[in-house]
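Only one structure is covered here, and it is reproduced in the block below.
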Number of protein chains: 2
Amino acid sequence: MIETRPPANPLFLRDEELRQGIELIFYAYRDFTFESDQQLKHYKLGRAHHRALYFIGRHPGQTVGHLLSILKVTKQSISRVLKDLLEQEYVEQKSGPRDRRERRLHLTPRGEKLERELTDRQSQRFARAYRETGAESVEGFRKVLLGLLDPAERAEVDKRIRNGGR
Amino acid sequence: MIETRPPANPLFLRDEELRQGIELIFYAYRDFTFESDQQLKHYKLGRAHHRALYFIGRHPGQTVGHLLSILKVTKQSISRVLKDLLEQEYVEQKSGPRDRRERRLHLTPRGEKLERELTDRQSQRFARAYRETGAESVEGFRKVLLGLLDPAERAEVDKRIRNGGR
DNA sequence: TAAATAGGTCAGTATTACTGACCTTGTCAA
DNA sequence: TTGACAAGGTCAGTAATACTGACCTATTTA
């Protein structure tokens with residue numbers, strides 16, 4: 001591979017390159033979350049509510065335990081969020097068909113509507129970025145982000161995002 | 001070879017693709033922050049302290065206002081963090097050469113050491129991802145993340161990450 | 001029947017962040 | 001030289017997210 005900028009000091013350049021990645025993901029995540037956070041205020045909900053709505057919509061019928069393994073928070077943390085969403089009828093629970101201890105989570109039509117409204121802003125942001133950069137860049141983006149995951153997570157996440165979780 | 005899943009509904013596929021992006025950035029950010037968050041506990045500091053240390057190290061001599069514009073938080077939020085870092089002598093202030101109202105921020109040697117320790121885990125994660133995916137993917141990753149920024153931010157961030165802020 | 005699992009709950013705490021009001025110090029232009 | 005404005009700090013109050021640890025019920029399973 002031919003380098004356009006010959007690395008006079010490879011260690012320095014390498015560190016520089018890695019720091020650019022660190023900063024890019026910080027800046028992108030900062031802007032990525034901003035708009036839907038604003039929107040959430042109208043509903044007196046927070047980012048945690050959006051995350052729960054998103055992943056319940058994405059994986060309908062999943063158990064509370066599965067949601068916890070995605071969000072990587074404690075059940076005490078999710079319980080407040082889930083309580084709000086159940087009370088306001090954005091989400092409903094059905095007991096598991098085989099194991100009745102499970103509470104399988106679903107969005108209500110009302111929850112689907114809110115989820116779409118919140119996620120739309122983020123989708124549009126991605127649509128713009130994808131449009132501006134092209135399919136090849138998108139493929140690189142996907143590969144690098146998968147590479148940033150904990151190795152133990154990678155296969156699972158890859159599968160989860162590819163088939164929409166079903 | 002016939003497509004196994006012909007795109008009967010292009011809009012659906014598009015939405016699917018965008019949601020994959022949304023999920024990837026969520027999962028990547030989740031894992032990206034996890035290790036240094038753990039490390040921070042040993043010092044009784046939080047993620048906000050790392051962010052401040054990081055960007056002060058990255059842009060030595062920047063003003064408090066500049067740091068605020070990077071982090072996009074209020075000065076009341078940064079003040080607690082900065083107070084901790086000043087008290088524990090990770091950071092020092094010098095008044096601006098021209099405008100003496102400014103407090104220009106610098107890491108102390110102690111602060112540089114801590115910053116490196118915290119950031120190293122994240123750098124290593126990026127190094128692994130870059131190594132596994134190659135230069136082309138990295139370029140795509142960079143382009144897409146820049147594309148995700150607010151348009152008003154893009155030029156500034158691009159410049160900032162390219163020259164290390166100086 | 002006993003252990004393990006899914007899930008919920010109570011109590012207490014920490015961190016990050018917000019709004020709004022107000023203050024000091026210093027710059028700069030009329 | 002005075003007055004507006006800017007950089008930054010601070011006080012008070014509030015909210016959201018998340019944590020640990022302990023304990024509970026219902027249900028499944030060995």
Side-chain angles (χ1 to χ4, degrees), chain A residues 26 29-30 33-34 36-56 61-88 91-105 118, chain B residues 26 29-30 33-34 36-56 61-88 91-105 118:
Chain A
F26 167 77
Y29 199 78
R30 179 197 68 179
T33 51
F34 184 78
S36 40
D37 283 358
Q38 294 306 106
Q39 196 67 11
L40 282 157
K41 284 183 190 162
H42 304 324
Y43 297 91
K44 308 226 179 183
L45 298 172
R47 194 186 294 179
H49 296 96
H50 183 195
R51 285 203 289 254
L53 281 174
Y54 182 92
F55 284 109
I56 293 169
Q62 81 186 311
T63 62
V64 173
H66 187 249
L67 183 58
L68 288 179
S69 78
I70 287 177
L71 301 176
K72 296 241 185 109
V73 295
T74 59
K75 62 182 173 172
Q76 293 87 337
S77 286
I78 205 65
S79 90
R80 176 190 49 85
V81 169
L82 233 34
K83 193 167 149 262
D84 293 343
L85 296 176
L86 287 164
E87 274 171 12
Q88 293 171 52
V91 167
E92 58 186 11
Q93 299 177 327
K94 294 172 184 166
S95 59
R98 271 178 292 280
D99 187 337
R100 279 167 31 238
R101 287 172 305 181
E102 292 173 351
R103 314 225 175 147
R104 293 185 171 257
L105 302 168
L118 293 169
Chain B
F26 166 76
Y29 200 79
R30 179 196 68 179
T33 50
F34 183 78
S36 40
D37 283 358
Q38 295 304 109
Q39 196 68 10
L40 281 158
K41 285 184 189 162
H42 303 325
Y43 296 91
K44 307 223 178 186
L45 298 173
R47 195 187 293 180
H49 296 96
H50 183 196
R51 286 203 287 255
L53 280 173
Y54 182 91
F55 284 109
I56 293 169
Q62 80 185 311
T63 63
V64 173
H66 187 249
L67 183 57
L68 287 179
S69 76
I70 287 177
L71 300 177
K72 296 244 185 103
V73 295
T74 60
K75 62 183 172 171
Q76 294 86 337
S77 286
I78 204 65
S79 90
R80 176 190 48 86
V81 169
L82 233 33
K83 193 167 149 262
D84 293 342
L85 296 176
L86 288 163
E87 275 172 10
Q88 293 172 52
V91 168
E92 60 187 9
Q93 299 177 328
K94 293 172 184 167
S95 58
R98 270 178 292 282
D99 187 336
R100 282 173 21 245
R101 288 171 304 182
E102 293 172 350
R103 315 223 174 149
R104 292 181 173 261
L105 302 168
L118 294 169

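So that the names make sense, note that chain A is the first sequence line, chain B the second, and so on, each numbered from 1.
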Quick one, Asp37(A) with Leu40(A), criterion side chain to side chain contact (heavy atoms under 4.5 Å, CB included). Give me CA distance, side-chain angles, the key distance, then yes/no. CA-CA 5 Å; Asp37(A) 283 358; Leu40(A) 282 157; 4.0 Å; yes

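- Contact of the Ile70(A) side chain with the Gln62(A) side chain is registered, since non-hydrogen atoms from C-beta on lie closer than 4.5 Å.
- Looking at heavy atoms from C-beta onward, Phe34(A) lies out of side-chain contact with Arg30(A) at the 4.5 angstrom threshold.
- Distance, Leu86(A) CG to dG8(C) C1': 12 Å, rounded to whole Å.
- Note on Gln93(A): every side-chain N or O is 4.0 Å or more away from OP1 and OP2 of dA6(C).
- In this structure, Phe34(A) atom CZ and dA17(C) atom P are separated by 14 Å, rounded to whole Å.
- The CG atom of Leu40(A) sits 17 Å away from the P atom of dA17(C) (whole-angstrom rounding).
- Between the CG atom of Leu71(B) and the C1' atom of dT16(C) there is a distance of 12 Å, rounded to whole Å.
- Of the inter-residue distances, the one linking Arg51(B) atom CZ with Leu71(B) atom CG reads 6.5 Å to the nearest 0.5 angstrom.
- Taking atom CG on Asp37(B) and atom P on dT20(D), their separation rounds to 13 Å, with Å as the unit.
- Residue Phe26(B) is tested with Tyr29(A), Tyr54(A), Phe55(A) for a ring pair (Phe, Tyr, Trp, His ring centres under 6.0 Å); the sole match is Phe55(A).
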How does protein contact run along nucleotides 25-30 of chain D, one letter per nucleotide 5' to 3', with B for base contact, S for sugar-phosphate only, - for none, heavy atoms under 4.0 Å? -BBS--

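- Not a single salt bridge (Lys or Arg N to Asp or Glu O under 4.0 Å) links Arg100(B) to another residue, sequence neighbours left out.
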Reading nucleotides 12-19 of chain D 5' to 3', which nucleotides get B (base under 4.0 Å from a protein heavy atom), which S (sugar-phosphate only), which -? ----SBBB

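- Around atom NZ of Lys72(B), more than 12 heavy atoms belonging to other residues, nucleotides or ligands sit under 6.0 Å away.
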Mind running side chain to side chain contact (heavy atoms under 4.5 Å, CB included) on Leu105(A) and Gln93(A) for me, showing each step along the way? CA-CA 5 Å; Leu105(A) 302 168; Gln93(A) 299 177 327; 3.8 Å; yes

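- Spacing between atom CD of Glu102(B) and atom P of dG9(D) amounts to 12 Å, rounded to whole angstrom units.
- For the pair His42(B) (side chain) and Gln39(B) (backbone), a donor-acceptor distance under 3.5 Å is absent.
- Atom pair His66(A):NE2 and dG7(C):P shows a separation of 11 Å (rounding to whole Å applied).
- Between Gln62(A) and dG7(C) there is no side-chain N or O to OP1 or OP2 distance below 4.0 Å.
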